[in-house]
Amino acid sequence: MEKVYSAKEVEAKWSKYWIDNKTFSAKPDKNKKPFTIVIPPPNITGVLHMGHALNNTLQDIIIRFKKMSGFNALWVPGTDHGGIATQSVVEKILKKEGKTKFDLGREKFLEKMRAWRKETGDSILEQLKKLGCGLDWDRTAFTMDESRSKAVQKAFIKLFDKGLIYRGKRLVNWCPHCGTALSDIEVEYENEKSNLWYIKYPFSDGSGYITVATTRPETMLGDTAVAVNPDDTRYLKVSQKTIKLPLIDREIKIVKDFTIEKEFGTGAVKVTPAHDANDDAIAKRHNLEYIEIIDAQGKMINVPDKYKGLSVSDARKAIVADLQEQGFIEKIEDYSHSVGRCYRCMTTIEPLMSWQWFLNVDDMSKRAVKAAKNKETKFYPQSWEKPYTLWLENLRDWCISRQIWWGHRIPVYYCVNEKGEKNSCKPIAAYEKPKKCPECSGEFFLQDNDVLDTWFSSALWPFSVFNWGQNDTNTNEDLNYFYPTSTLVTGHEILYLWVARMVQFGLEFIDDIPFSDIFLNGIVRDKHGKKMSKTLGNVVDPILIMDKFGTDALRFALSQAAVPGRDMQISDENFLSARNFANKIWNASRFIIMNSSEAGELDKNIKPKELADRWILDEFEDLSAKVQLNFTNYDIDKAARELYDFLWTKFCDWYIELSKIRIASTNIDEKKQVLSILIYVLKGTLQLLSPIMPFITSEIWEILNENSKETKIISETIFPLVKNKKEVISISQQEMKIVQDIIVKIRTLRSQTNIAPGLEIKAIFNILDDAKSLGAKNNQGYIKTLAKLNAIEFTKDIKRPKNSAMTVVSGFEIFLPLEGLIDISKEKNRLQKEISNAKGEIERTTKKLENTSFLERAPKEEIKKIRDRSEEARLKIEKIKENLDFLQ
RNA sequence: GGGCAGUUAGCUCAGCUGGAAGAGCAUUUCCCUUACAAGGAAGAGGUCGCAGGUUCAAAUCCUGCACUGCCCACCA
């Protein structure tokens, strides 16, 4: 074994091994309990970023943990076609060639899309292999492959036939850049500095005007009313009047609506039903006319020639200028308000009227809410449940059609005549083009041009990956066994976009929730707390981190930072420290392996006879229980920290150091004993760590078992059983604490009196309390080794050795005779400081002990603890003072 | 406007079923001690955001407030 752990070869070896040997493939098996995770399918546009690295590391940890806990663990891989996002990437490439998708036409363009997918499609899955993910690669799915497409069709047809999917012309969120409608959650709102224009709308009868305040003056050409609050005393008498719209002189009414806030602006609102969601609602209540003035390209239509064809922003400038010139602008204020943008291209959304397909989700939403409230779907952390149910309760129908080409084409066919003109027959939803129209017996059909929202197929993912929808039955062997899946691990940013819809569809189609646990991970931020983004240039590439620090280091650093539901800041320091940890594990193992190979065959039976042995075994049991509990509760961060602390501090700094004296022993039995315990604890710890750091633990495990009959594959092993341990500190742990205290005290003494670290010296322990000193007496060997002493003299009432450094621990005084070596004045200062520390302790404790309420109400053990502490501090001061006198 | 998190050592964060303030990194001193200098030993560094309250006892429970970040909402 090399002195420094080199991750590269080890990682390449094991990620290949797991794939070649199908370590993580799973089939239905009645004798084992399933544990299933379905991957959040990354978009095929994607390259692995930190968010993926985190999300998939967490899933892999859970899968490996469950597998090693005896479950039939399955993790299904796959990718998403990504709808608008992916199409726009290819469109950008076309644009560089000076072409648009229309130059190619639908079929050619889709060919191009498929070619692009083939080329770059699954590269992210390759990166997941590098990350070590224990996925069942034979099950790799794609949202647009044959099986998944069939599932989409089946789902659509079912919903259509049930009457839940319908087509209508409605006000939708329209992205002029992407040229498609979007659902409500695909719009992101952002505050923008703008103006509030106050425009005078003259009454038709010439009796003055009413002023409206608006952020969108250009839409005035589509106004069909002005609305005021019915309680607004300023406008009590205006409702009989009409208004003559400036610039175009169209006559519009004044309506009264309770939603209008009197305090805002002038309390009078211009109403543009065809281009504003609020106005649309008002228009419905008051039966107002809809006038469309903006088209799908974001250009003005149905307006005077002067404005026709202008973009929205140009139209705004022109209209404001004209209004100003004609004296209709009362004033212009600075104003900041939120503007909706397309979540893919950040273009400002235009609300406009459009023919679209909608899905009525009322019933599914209610069922999803019920499932959450009954804790059938549980959230980790729980705080997400409330916003989740709130969102579901206030859902409007989902606009599922998109005017793009890349996606699942809507399986609806219209009966047409020979010229291709639509007949009035009812559209038909079907897998294939119908042969004959049931209404008119016509034989010509056209398929709907739109495709489905990419999230429609994503919503089917938890069961479409198990090939739901391939036939008339609603289930199959895989679904029966693996569905509902166990845990969904994802970021909260797609809680509504994806998670909620999977639950809705699972309940709708399978009549069961898709997963019981929803584990939400946070966002990975840079070291300044900024979200990583290409434009900011602060993106940390996980692949580079893997190459630089090792994949296990990346995984460990992410795990340690992954407090459920919380964002995390991460930087090279985290990875560096994790890499050092990997090296530490490597070297500890190296030490043990080197020595055990010299020792020959080891005892299988562990006979812990020494304090240190009992102690480390107790500590290991605690660790095992804690880590397994943490994994179960998705507290991956806690598990990582527990393992780090145990391995580094308890195992390496203490137990291995303590074991050295016995390893060096000439007594071969003694040597074998301690080595068998070292190996036992090391192996167990490697197992517990292997879900987080699978590569290094696999490698060490293999080396450890080189000549053994045990499996050489750590992933195939089962975790050590957790004994039902009480939450108390064991006797060994108490005793060990005393020994450690003594060692640290002596080392401190040595360090502060500048005794050369290598120099072995003698110590005198002057016993003050026989009972308390027993532990030290029984474990002198440890104290000598770790405190570098060549002898310990136990005495009572000794004469103080001349010029010695001293300190007091529980049960005795310790003297280090250092004739001629110590600086008397320095030693005095040091002792003074110890006294002042002890005095502080006395002050704190006496304050409590003089408090009668404390003595009356606090538990007895607590009072005893304080008394002991107080007494110890008192004794300490007394002894140090004696020594100070002696030094003088 | 509503909701949810967070505020602890210079930095990143643990601790929060109430009983002596913790880790990593950075920093100071010493040490290349035969597992590891990607290491070891010993230090220094905090009135736990502010103000009240409950309690014998509060970083931990309750109530306000401030700041930061996120989410939701029909902010014309």
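Source: prediction; values computed, not measured. Just so it is clear: chains get the letters A, B, ... in the order the sequence lines come, proteins before strands, and each one is counted from 1.
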Of all the choices, [options], which nucleotide is nearest to the side chain of [X] once you look at every atom?
X        : options             : result
A/Trp648 : B/G39, B/G24, B/G19 : B/G39
A/Arg525 : B/A76, B/A35, B/C70 : B/C70
A/Thr215 : B/G43, B/A76, B/A14 : B/A76
A/Pro757 : B/A42, B/C31, B/A38 : B/C31
A/Arg641 : B/G3, B/G40, B/C13  : B/C13
A/Tyr496 : B/A38, B/C72, B/G40 : B/C72
A/Lys833 : B/A35, B/A44, B/A20 : B/A44
A/Ser577 : B/G24, B/C36, B/C75 : B/G24
A/His337 : B/A76, B/G19, B/A35 : B/A76
A/Thr748 : B/G43, B/G40, B/C4  : B/G43

Look at the side chain of [X] against the base of [N] and say whether a donor-acceptor pair falls under 3.5 Å; ignore hydrogens and angles.
X        : N     : answer
A/Glu657 : B/A35 : yes
A/Lys660 : B/A35 : yes
A/Ser383 : B/C4  : no

Starting at atom [atom1] of [X], determine the distance to atom [atom2] of [N], rounded to an integer number of angstrom.
X        : N     : atom1 : atom2 : value
A/Tyr189 : B/C70 : OH    : P     : 18 Å
A/Asn851 : B/U55 : CG    : P     : 14 Å
A/Ile585 : B/C36 : CD1   : C1'   : 12 Å
A/Tyr201 : B/A76 : OH    : C1'   : 11 Å
A/Phe591 : B/A38 : CZ    : P     : 20 Å
A/Met1   : B/A35 : CE    : P     : 14 Å
A/Lys3   : B/C32 : NZ    : P     : 14 Å
A/Lys638 : B/A23 : NZ    : C1'   : 15 Å

Applying the Watson-Crick and G-U wobble criteria at under 3.5 Å, what pairs with [N]? Answer none if nothing qualifies.
N     : answer
B/C67 : B/G6
B/G52 : B/C62
B/G1  : B/C72
B/U34 : none
B/A14 : none
B/A26 : none
B/U47 : none

Say whether [X] and [Y], considering side chains only, have a donor N or O and an acceptor N or O under 3.5 Å apart.
X        : Y        : result
A/Asp257 : A/His286 : yes
A/Ser810 : A/Glu872 : yes
A/Tyr5   : A/Asn587 : no
A/Lys848 : A/Ser870 : no
A/Tyr644 : A/Gln560 : no
A/Asp280 : A/Tyr290 : yes

task: Evaluate the side-chain proximity of A/Ile746 to A/Arg750: yes if any heavy-atom separation is below 4.5 Å, no if none is.
output: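 Yes, close enough: below the 4.5 Å cut-off.
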Same-atom distance ([atom1]) from [N] to [M], integer angstrom:
N     : M     : atom1 : value
B/C62 : B/U17 : C1'   : 16 Å
B/C61 : B/C4  : P     : 16 Å
B/G46 : B/U33 : C1'   : 35 Å
B/A59 : B/A9  : P     : 15 Å
B/U34 : B/U28 : P     : 26 Å
B/A14 : B/G40 : C1'   : 25 Å
B/G69 : B/A57 : C1'   : 34 Å

Indicate, with a heavy-atom threshold strictly under 4.0 Å, whether [X] touches base, sugar-phosphate, or nothing.
X        : result
A/Glu493 : nothing
A/Lys788 : nothing
A/Ile260 : base
A/Arg579 : base
A/Arg566 : sugar-phosphate
A/Trp197 : nothing
A/Asp653 : sugar-phosphate
A/Asn583 : base
A/Pro381 : nothing
A/Val212 : nothing
A/Val271 : nothing
A/Ala588 : base
A/Ala582 : nothing
A/Glu856 : nothing

Any side-chain N or O of [X] below 4.0 angstrom from OP1/OP2 of [N]?
X        : N     : result
A/Gln569 : B/C13 : yes
A/Lys848 : B/G19 : no
A/Asn580 : B/G39 : yes
A/His492 : B/C71 : no

message: Go nucleotide by nucleotide along RNA chain B from the 5' end; which of A/Ile656 and A/Lys270 gets its closest nucleotide reached first?
response: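 Its nearest nucleotide lies further toward 5', so the answer is A/Ile656.
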Do the charged groups of [X] and [Y] touch, with an N to O distance under 4.0 Å?
X        : Y        : value
A/Arg216 : A/Glu350 : yes
A/Glu190 : A/Arg341 : yes
A/Glu834 : A/Arg830 : yes

